[in-house]
Structures are given as C-alpha cells and as structure tokens.
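Reading through the structure tokens given below for one structure.
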Amino acid sequence: MDCIVNETHFLNARLADSTVADLAVAGGRFSAITPAANAATPPVGAIDLAGQLVLPAFVEGHIHLDTSFYGDAWRPHIPCTNGFDVRERVAFQMRNLKRAAPMEERAKNQLELCVGNGSLAMRSHVMVDAAVGLKHVETILGVREKYRDLIDIQLVAFPQSGILSSPGTAELLDEALKLGCDLIGGLDPASFDRDVKGHLDVVFGLAEKHGAGVDIHLHDRGTLGLFEIEEIVARTTASGMQGKVVVSHAYGLGDVSADALAGAGERIAAAGVAIMTNAPGDHPFPPVAALRKAGVTVFAGSDNIRDSWWPYGDGDMLNRANMIGYRSGFYEDWELEAAYDVVSRAGAKALGLEDYGIAVGAKADFVALKAEHVPEAVVAVPKDRAVYRAGREVARDGRMIR
C-alpha cells in the first residue's frame, strides 16, 4: 500500500451537510474525508476543529486593488453634483489618487484584509487609460506575484475612462493582456463611449486575440442597460465564449418589468453569461433569486473598499452574503444557503476555478468558523474564524499570520 507522507489531519470538522468528519490534507489537497473517528490516540500533529463549521474559502469576485484607500488616510466622500454619474466619479477618483499612499502599499493592505477574512481567490479590475498608461497594471502584477502563495488572483484590464472616448486605450489594453492580465474589461458601452458596437468590437476582438475572458462594468439602468446586456449576450454566443463572459453590476436587471427580466434571464443563462453583484445600497441590483431560478450564475464581490466611489467595504465575503440576503429578502434556510453560494461556489464557477470545495482531490483552501450550519454563518457572520491555504493556517480572527 502506498504511504502518503506529510499528511495533516483536521479532526471533528462540521461540514455543510451537518455531518462531522475528519479531514486529511496532503500536497495541499484533501486526501481523505471520513466520519469523525474520535480516536483515543489521534494522529500526531492533528488539529482538532472541535465541531467548527468548515467551508471552502470565499471567492472575492470583483474588487479594485489599485484604487482602494484602505489603510491610507481617510478620504471624505465627494457627492456627485446631480445624481450618480460615472464620469464625475472617475474624475473624483483621479483627483484622490494623486494624493494617495503608494499603490503597492494600499493594494497589500486590501489583499491582507480579504485573506484575513477568508477569501483565497479574487478577481481584481485594474485601471488602464491614457492618463495612467500601464502603471497600475505593472504595480498590481508585482503585488500578485508576491502574494501568489497566499491567494489566487485574476486581473482584468479595465478601461476606467472608456475605450473609444480615451484615444490610445485600446492599444494599452492589448499591451496589458500581453503583460499578464487574464481578462479584458469594458465600461458602459452606451452611456460612456456612446457606441455599443464599437466598444464591444474592441472588447471581444481583444478577447479573441488573446484567448482571454471578458468582464464588463455595466452601470446603465432600465431598458438601456437591458439592451446592452442583450448585445453582450449576442456577442458571447456568436464568438463561442459561453462561460467566459461576466457582466458586473448589471443595474438594469434590477429596474425592469418581471416579464422583461424573465426573458433576459433565459437568454443570459443560455449564453452562459455570469452576473456579478455587490448589492449596493443606493442602486437597483440584479434580482438574485429570479436569475438563479432561470439558471444564471450570480456571484458577488466587494467592488470598491473605501475609495472614491463610496466609503464602505470590509473585505468580508461572508458579510457580503449577509448583505445580499438582507437586501434580497432571504429568510428561509434554503435562501440563506443561496446567499452563501453566491460568495462561494457560484463565484468559483464564474471565475473558472478548478478543484474548489470540500472534497477529496480539491484544494485544501478553507475557513473554519463557529456556527452550526451555513444559514447561521450567513446571519451571524462570526469573526472568530481560521483561514487555511493548502492546509496551512494563514489567518485567524481577521488577521494574517506572519
């Protein structure tokens, strides 16, 4: 019989189905999951989880590592002059960034906040435009490399100032993908660039050229937003990119009729387009339950954390599940479990993560926390938790272990 060396044992782990099990980890993956043995003589070096709930590490599906001020000086929020306006918010952001601490320092602060709370996979959008060039991308690529053993990070080349309205940005996005960004982004093709076809030509053209995924910010509301989503769905199907395209925010899905939403949901699901929401407090957001019922992959992210768009955000995806459940009117256990799914398995699916979960052969990236089951975890958001990367503890009670 082959002998597994360097195996770590975790005893008395409470799984999502309420069973209590012993977990073995070898080579950074779960090598065995068996009913709790309660052996009189436990394996040498075994870690007794004492009935704590064990969940796969959370997925931070949408964040901005380059523009957060977390850990920097407080930046008072500047309101738009006449209602929410993306162009004005971008202008505020550029003004604030000129006075910010070094980007690498701010990005590290935010990364460690997220890891400390249990996120070990992340997708970050990184600004690319004529004003900043590739400086943000180069800096965040360096930060990703330094943290590669702690967290898996996908980077989106994000045209924060538009593409067509910012000459030279298309070429910079091309270079960003060559440098190592994983996906190509977009921003409000209709309201920002005022040319849906031209904008999507660039985005999907670069995706095809580099074999990259697509993740488009879409703030436009109502029927305009819905029209843009339909155009993205059509492009996805025509280019054979099912399962590789995300529409982030998709506010328009939150303020259209039920009939329009139902039809859109069916088409979005058929095209394999995923929808990301952070359930923002002052905007309509995609109806999570209705979209999931239609078969759409709905996942979540913190989006901005203490930046020029709003002062909120704590980097805790379990708290984000709580927020999504609260704003969605989720009360029953199965609904609370759906809220958790949005920050875990659905996020893993949207990001194309392999070997995710608590299962033999899966990566041993998990969180242990004090809760009887998933619904309680979503409601209570316990902060006393331990975070394990490849079976090694990397954070406890919200703080990284050095």
Side-chain angles (χ1 to χ4, degrees), residues 61-62 83-87 162 185-201 203-204 213-301 303 320-321 323-332 334-335 338-339 341-343 346-347 349-350:
H62 184 117
F84 178 74
D85 181 86
V86 174
R87 288 182 182 276
L187 173 68
D188 297 329
S191 65
F192 207 99
D193 269 350
R194 299 183 180 277
D195 183 346
V196 176
K197 180 181 182 303
H199 188 101
L200 295 182
D201 281 348
V203 170
F204 281 87
V214 169
D215 194 327
I216 299 178
H217 282 62
L218 189 57
H219 307 94
D220 293 333
R221 296 172 57 170
T223 55
L224 177 60
L226 187 58
F227 167 72
E228 291 170 278
I229 290 171
E230 297 279 11
E231 290 296 297
I232 293 168
V233 164
R235 289 291 187 114
T236 300
T237 302
S239 59
M241 290 189 63
Q242 293 90 335
K244 298 180 180 179
V245 175
V246 168
V247 177
S248 287
H249 303 309
Y251 293 158
L253 293 175
D255 59 1
V256 295
S257 69
D259 287 344
L261 176 66
E266 291 178 3
R267 290 185 286 276
I268 293 168
V273 172
I275 300 294
M276 191 293 305
T277 186
N278 64 322
D282 60 344
H283 299 297
F285 68 100
V288 175
L291 290 171
R292 281 173 58 92
K293 185 176 181 180
V296 178
T297 297
V298 183
F299 69 110
D303 192 18
R320 186 64 52 178
M323 190 181 306
I324 289 169
Y326 180 86
R327 292 214 62 208
S328 299
F330 289 174
Y331 304 123
E332 297 182 53
W334 68 272
E335 293 174 311
D341 186 75
V342 169
V343 306
K349 181 179 179 181

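Numbers for residues simply follow the sequence, beginning at 1.
- In this structure, Arg235 pairs ionically with Asp201, as a charged nitrogen and a carboxylate oxygen lie closer than 4.0 Å.
- Annotation for Gly254 and Pro287: closest pair CA-CD, 4.1 Å, computed over non-hydrogen atoms.
- No side-chain N or O of His217 forms a donor-acceptor pair with one of Ser248 less than 3.5 Å apart.
- Note: Phe299 CZ to Lys349 NZ = 12.0 Å, rounded to the nearest 0.5 Å.
- Arg267 pairs by the side-chain hydrogen bond (donor to acceptor under 3.5 Å, both in side chains) definition with Glu230, not counting sequence neighbours.
- Side-chain contact between Glu231 and Leu200: present, with at least one pair of heavy atoms (C-beta onward) separated by less than 4.5 Å.
- Annotation: the span from Asp220 atom CG to His249 atom NE2 amounts to 12.0 Å, rounded to 0.5 Å.
- In this structure the side chain of Ile232 reaches within 4.5 angstrom of the side chain of Val245, judged on heavy atoms.
- Annotation: side chain of Val247 is not in contact with side chain of Leu253 (no heavy-atom distance under 4.5 Å).
- Here the straight-line distance linking atom NZ of Lys244 with atom OG of Ser239 works out to 9.5 Å at 0.5 Å rounding.
- The minimum heavy-atom distance linking Ala350 with Ala274 is given by the pair CB-CB, 4.1 Å.
- Residues Gly162 and Leu187 come closest through the heavy atom pair N-CD2, 4.0 Å.
- Once rounded to the nearest 0.5 Å, the distance linking OG1 of Thr277 with CD1 of Ile324 reads 6.0 Å.
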query: Where do Leu291 and Leu261 land on the side chain to side chain contact (heavy atoms under 4.5 Å, CB included) test, with the steps shown first?
result: CA-CA 8 Å; Leu291 290 171; Leu261 176 66; 4.1 Å; yes
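- Val296 and Val273 make their closest contact through CG1-O, 3.9 Å (heavy atoms, listed as atom of the first residue, atom of the second, distance).
- Closest heavy-atom contact between Ala190 and Glu228: N-OE2, 2.9 Å.
- Between Arg320 and Val342, the closest side-chain pair of non-hydrogen atoms is not below 4.5 Å.
- One finds the CZ atom of Phe192 at 10.0 Å from the NE2 atom of His219 (value rounded to the nearest 0.5 Å).
- Contact detail for Pro280 and Tyr251: the closest heavy-atom pair is CG-CE2, 3.8 Å.
- For Arg194, the CZ atom sits in a loose shell: 12 or fewer heavy atoms of surrounding residues, nucleotides or ligands are nearer than 6.0 Å.
- Rounding to the nearest 0.5 Å gives a distance of 10.0 Å between CD1 of Ile216 and CG of Asp188.
- Judged purely by atom type and a 3.5 angstrom limit, Asp255 uses its side chain to pair as donor or acceptor with the backbone of Gly222.
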task: Could you walk me through whether Phe227 and Val196 pass the side chain to side chain contact (heavy atoms under 4.5 Å, CB included) test, one step at a time?
output: CA-CA 10 Å; Phe227 167 72; Val196 176; 4.2 Å; yes
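- A distance-only check finds no donor-acceptor pair linking the side chain of Glu266 to the backbone of Gly263 [under 3.5 Å].
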message: One pair to check against side chain to side chain contact (heavy atoms under 4.5 Å, CB included): Leu218 and Ile229. What are the steps and the verdict?
response: CA-CA 8 Å; Leu218 189 57; Ile229 290 171; 3.4 Å; yes
